[in-house]
Structure formats: C-alpha cells, structure tokens
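The structure appears below as structure tokens.
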Amino acid sequence: MAAEHHQHPLIAERIAKIEAIRQQGFNPYPYRYDRTHFAQEVVDQFEHLSESQENVRVCGRIMSLRRMGKASFCHLEDASGRIQIYIRRDDVGADVYNGLFKKLEVGDFLGAEGYAFTTKTGEKSIHAGAISVLCKSIHPLPEKWHGLKDKEIRYRQRYADLIMNPDVRRTFELRSRIIRETRLFMDGLHFLEVETPTLQPLYGGANARPFKTHLNALNIPLYLRIADELYLKRLIVGGFDRVYEICKDFRNEGMDRTHNPEFTMMEFYQAYADYYDMMNITEKLIQTVTQNVLGTLNITYQGMEIDLSTFHRAKWFDLIQTHTGFDTKSMDEAQLREVIHQLNETALELRTQFHQEHPNDSASQASVPEPIVVDDTMDRGHLLEEIFDVWVEPKLVQPTFVMDFPVENSPLAKKHRSDDKTVERFELYIANAEYANAFSELNDPIDQRERFEAQMGLKARGDEEAQVLDEDFLTAIEYGMPPTGGCGIGIDRLVMLLTDAPSIRDVLLFPMMRPLKGDENEPEAE
RNA sequence: GAUCCGCUAGCUCAGUCGGUAGAGCAUCUGCCUUUUAAGCAGGUGGUCCUGGGUUCGAGUCCCAGGCGGAUCACCA
C-alpha cells in the first residue's frame, strides 16, 4: 500500500512539497497551535472583532484556495464552521509566502493569525499577519464542487465522507444528542445505568442466531450477546428496582437497510410495573428526546408526515381482523394455513388490479400485500407473525403500540391477565418499522421453564432462532422476581427516524462492509 | 440467499453503430496583491473492476467472478 502511495504522481508531488517546506526551515508537522477563536465565533462576534482590530488566531483544514499572484484567499474549516483568510505576501513576508504558503494546498491544516475585516464582496474574513502549516496532507481530497458521492467510499472511508459532507457530521452530532437525552431521561426517572456481559456462555433474551467465539483461558465457547434481557432481570431479582443499559448487541443474520450485525439497543426494567407502565415511559421518552433534539414532535421520515404527539394503542388480533377480515385468535395451525391460502389469492388479485391501474409503479413500494410463503417448520406463532408483517405492518405509519401478542413467540412475556391466548407484550410501530418491544415480564418459574422447553422443541424442529434454556436464569427467577415491566428500544432505528436516514448505514459511523480483496490481513478463514 | 442496477483519471461524470480513451475540478509550468466553482495560456495523469470468449479489432457484445447500491426473504 505504502509503495503504491509513493508511486502515484499526486502523492509524490505532495511528498516533494514536504521536503521543500522543510528545506525552507518550516516544520510541516508541528505539535500545537494556540487558537483564540473557532471559525464560527469569528463570524458571530464579527462586529466587535472588526471594531477592536484585535488579533485572532484560528486553525483548521484548507477547504478552498484561490491564488492571485502575490495575494490569496482560502477557507479554513474547523469543527464549528468556515472562515475566509486573506493572505498577502507583503503581510506575511516573502519567505513565508513563497517558501511555505505556495507549497500548501486544499486539504492541508493551517493556523492563521490576523484581524477581522470585510472583503469587497462582503464576506467576513481574517486578514492574516502570520500563518503556519499545522499538517501537510499527502492524499488529495475529492472535488470541491461535486464532493464525495460514491456510497461505497463514503461508508468505507468515513473520514473522507465527514470532511466533504457537512450533513454527515450533523447526523452524528444528532445521534450523540439523542443518546445523551435518552440517558438524561432515564436518569431522571431514577433508573440505574448498569453494564452486563457482552461475552456470554449462553445467549438469550431474543430470537436470533448468535456470533460464537472462544475463551482461551477457560477453553470454553462463548457467545456475543444478542440481548441484555436475562442479565438485567437477574439484577431485578437482586434488588435493583430500576435498571437500564445502552449497549451493542450482535446478531449473526442478514444485513440490509435496517440491519447491521452489531447495533445499539437500550433495554430498561422496572420492578412493580407492567407493560402499561412501559408504554407510558416509552411514549414520554421518545417525545422528550424528539422535542429536546429537534424542537418539534411533527417530523418527516422518507416523505411520511409523522405526528409524535399522539401514540395510538391497538390490540394485535384486532389489527389482523381489521386489515384481513379474519378473526384468527382461536384458530389452530391448520386453520391459519387455510387463511393464508385465501389471503394469498386476495393478494394476487390486489396486485393484478394494481398493475392494471398503475402500470408503471411498483406494487411492493405501494405496500400492496405480497403472497406469504409458508413452510413446514412454521408453527402457529410464525404463521400469525407472517400475516401481521404482510397485512398490518405496512399500514402502521403513525406511532402505534401494538398490544397483546400471540403466546407462542413470546417465551419471556407474562400471559395476559384476562386472555390466556395472548401475552402482555407490545411493540411500537412508527413509519412501518418496529422501534420498541416490551412485556410484563414472566416471573412464574414453572411457566418460564415450560416456555423454554417449548422453544427447545422449536429448535429441534429446525428453528435456528429459537431460544435456549438458561438454567441459571431459571434459578434467579426461582428466588423470586417481583412483577416487572421490561422494554427494549432500537437506538439506531430511533436515530434513523429523527435524522430522516433511509439506511442504518447512514447512522453508523463505521457500518459493516465486506473487506476489499487483498486488503484483509487474513486471520485464518474457517 | 434471490432479482435488478452500477463500476471509465485523485474526485464528479461523458463515451454514439464494435474502429486512435474524453471533459470539468484537482495536480504541474508561466502570468496575476479583495477572490469566492477566481481568471488566462500551456502540460502531466488510464489495470475502462477482474478473468475468459466472440471478432481483423472490445470501455462497448457474450460467459464467469469481485465489490457496492436498491428491492425481496429473515430478524430489531
């Protein structure tokens, strides 16, 4: 790689300039610079600064450069913004102007000292009396006008993306604020922030395939956590009444616009609370964070107008009935397969009709239902889930708590207090996507053991995402866990919603990318 | 995993019917002391993603592969 760099003429040219700068007695990589003002501060305090004519010292990366013989303009960019610098040979000295400044270019770091003034064209600027190089860049930046557009380079070389695209910086500043506001909110409710293991001898708390690794010291296999749920509930057993954790979870599954192998979740658990309490906290949390970060509860996500001031509540089976006409609550597996058969015929009719009416549009984009593909490994819970995903989820644009899930796929949730076909669980849907998942936590140790055993049955039937029985967790529950409400919120999804980002990659600084060929340091492939 | 689209100079992009690989910016040389996509004149720069095939001749057509994006499936 290094050899290639030296070969490239643009790089070689810049390395030669470094040598020239050194020969003139300047250090192209000095140690520090005393800054008095950020670029934006100079602009904000311009009236005062130009009045007083006091010296200001700014520093940053040269983002534009216009030379006119013995005088030049450039823009310096720092974390706050940009300021234009005016540099004349007769002000900084011929040695500096010819021996140093003429060897600098866009991408280099510069310190400039001078007084505030306004140019003929009215731009607030600094008239430099002295300049110094702070870092010589040898890799050319992308073009000033069109910038860096190639998505692959933007994700792989996020530093270049951040330099060239100010919106990207703003997105990640917002991400930071969203997480900070989330912590402030939880702390305000007297939740204790805790840390639980990332490396776990058994994975649990969600339906997902894990990453497997190995601990040499104990010679045992370990898994990267897929959720913190089971550890946080152990802490409720231990007597912490309110705990939360914001951390990375890892799931060894498909990658797409909404899934990265590692992602950030917040989970929180409150003793003596149920899923209604979790709904209230979740609603208030999202509203508070949104209001504090964006200053409004009316947002636009990918063209959808969303009003976060009202969160609707609807029961899972009621939504199915509303959108399909079928009352599926009491149906068994065979009946559900028949329902799906009928729905698929309806879906095909709808799609045919849609294509006749809109010959140029894509049916899936207009959320016309797809036919559902079923297979033998699917049990009643899976079949119901399919119906929901295809027929209901695309309709859920405004914030909606979907309540009371079928019992099969919620092995950690308590049965509904007045309906034994459902569990006390909700998911929050906004803009057709899921943002939170919560239950009244199951604390009956006998029931919990049976649910785990049912999951092990699913695993035997071929469901790789079924949960595994955690004996130590059962022991904890046997000691007694008070009634508890628990909730998980996908932080990346929330950031996507509030920054109007179409892909999870746009809210992760370094999203997972396939290594380039010849670029990997090849740890042995398995 | 499936389907579709993309990959040409450091960056952003053209490239017709298969016939000598182009532009702007950047870079280099010269001029230019209030410019702002500064300007003027001249120059350098290419594994056309990779490997096969068809052809007198392939950036262009065919096959296989790589990487990315979008959509679908599964999950959050």
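By convention in this document, chain letters (A, B, ...) are assigned in the order of the sequence lines, proteins followed by strands, and residues within each chain are numbered from 1.
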Shortest non-hydrogen contact from A:Asn260 toward A:Ile504 =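 Heavy-atom minimum between the residues: N-CD1, 4.1 Å.
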Of all heavy-atom pairs between A:Gly147 and A:Met164, which one has the smallest distance, and what is that distance?
->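 Distance-wise, the nearest heavy atoms are CA-CE, 4.1 Å.
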OP1 or OP2 of [N] sitting under 4.0 Å from any side-chain N/O of [X]?
X	N	result
A:Arg156	B:G68	yes
A:His8	B:G10	yes
A:Arg66	B:A38	yes
A:Lys70	B:U33	yes

Tell me what [X] touches on the nucleic acid: a base, only sugar-phosphate, or nothing, going by heavy atoms under 4.0 Å.
X	value
A:Thr119	base
A:Glu386	sugar-phosphate
A:Met265	nothing
A:Arg514	sugar-phosphate
A:Asn260	base
A:Tyr435	nothing
A:Glu267	nothing
A:Gly147	sugar-phosphate
A:Asp249	nothing

Say you pick atom [atom1] in [N] and the same atom in [M]; how far apart are they, in whole Å?
N	M	atom1	answer
B:C63	B:A26	P	42 Å
B:G6	B:C17	C1'	24 Å
B:A2	B:U44	P	47 Å
B:U8	B:G15	C1'	9 Å
B:C28	B:G68	C1'	34 Å
B:C49	B:C13	P	15 Å
B:U60	B:C48	C1'	10 Å
B:A70	B:G45	P	37 Å

Partners passing salt bridge (Lys or Arg N to Asp or Glu O under 4.0 Å) against [X] (at least two apart in sequence or in another chain):
X	value
A:Asp506	none
A:Arg154	A:Asp161
A:Asp167	A:Arg170

Would you mind pulling out the nucleotide paired to [N], Watson-Crick or G-U wobble, both distances under 3.5 Å?
N	value
B:U54	none
B:C48	none
B:C72	B:G1
B:G39	B:C31
B:G18	none
B:C11	B:G24

Taking the side chain from A:Asp492 and the backbone from A:Thr264, do they hold a donor-acceptor pair closer than 3.5 Å?
->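 Judged by distance alone, yes, a pair lies under 3.5 Å.
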Just by modelled atom types, is the A:Leu308 backbone N or O under 3.5 Å from a matching donor or acceptor in the A:Gln287 side chain?
->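 Looks like yes, one N/O pair under 3.5 Å.
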Does A:Phe388 have its ring centroid less than 6.0 Å away from the ring centroid of A:Tyr429?
->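 They qualify: ring centres under 6.0 Å apart.
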Which nucleotide in [options] has an atom nearest any side-chain atom of [X]:
X	options	value
A:Asp256	B:A73, B:A76, B:U35	B:A73
A:Pro142	B:U12, B:U34, B:C11	B:C11
A:Glu123	B:A73, B:U35, B:A70	B:U35
A:Arg505	B:A38, B:G68, B:U12	B:G68

Return the orientation label for the A:Phe211 and A:Phe250 ring planes: parallel under 30°, perpendicular over 60°, tilted otherwise.
->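 Perpendicular.
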Look at the aromatic rings of A:Tyr86 and A:His127 and report parallel, tilted or perpendicular, splitting at 30° and 60°.
->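 Taking A:His127 first and then A:Tyr86, their aromatic rings stand perpendicular (interplane angle over 60°).
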Whole-Å distance separating the CD atom of A:Glu152 from the C1' atom of B:G66 |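 That distance rounds to 10 Å.
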Could you tell me the separation between the CZ atom of A:Arg89 and the P atom of B:U35, rounded to a whole number of Å?
->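 The answer, rounded to whole Å, is 19 Å.
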Mind listing the N/O atom pairs, protein and nucleotides 25-27 of chain B, below 3.5 Å?
from, atom 1, to, atom 2, distance (Å)
B:C25, O3', A:Lys144, NZ, 3.4
B:A26, OP1, A:Lys144, NZ, 3.1

Considering residues, nucleotides and ligands other than A:Asn55, do more than 12 of their heavy atoms fall under 6.0 Å from its CG?
->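 Yes, CG of A:Asn55 has more than 12 neighbouring heavy atoms, counting only those of other groups under 6.0 Å.
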Quick one: ring pair (Phe, Tyr, Trp, His ring centres under 6.0 Å) partners of A:Tyr223, sequence neighbours excluded?
->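 Checked A:Tyr223 against ring pair (Phe, Tyr, Trp, His ring centres under 6.0 Å); matches are A:Tyr203.
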Distances for protein N/O vs nucleotides 41-44 of chain B N/O pairs under 3.5 angstrom?
none

With nearest nucleotides of RNA chain B determined for A:His75 and A:Asp90 from heavy-atom distances, which residue corresponds to the more 5′ nucleotide?
->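 The answer here is A:Asp90.
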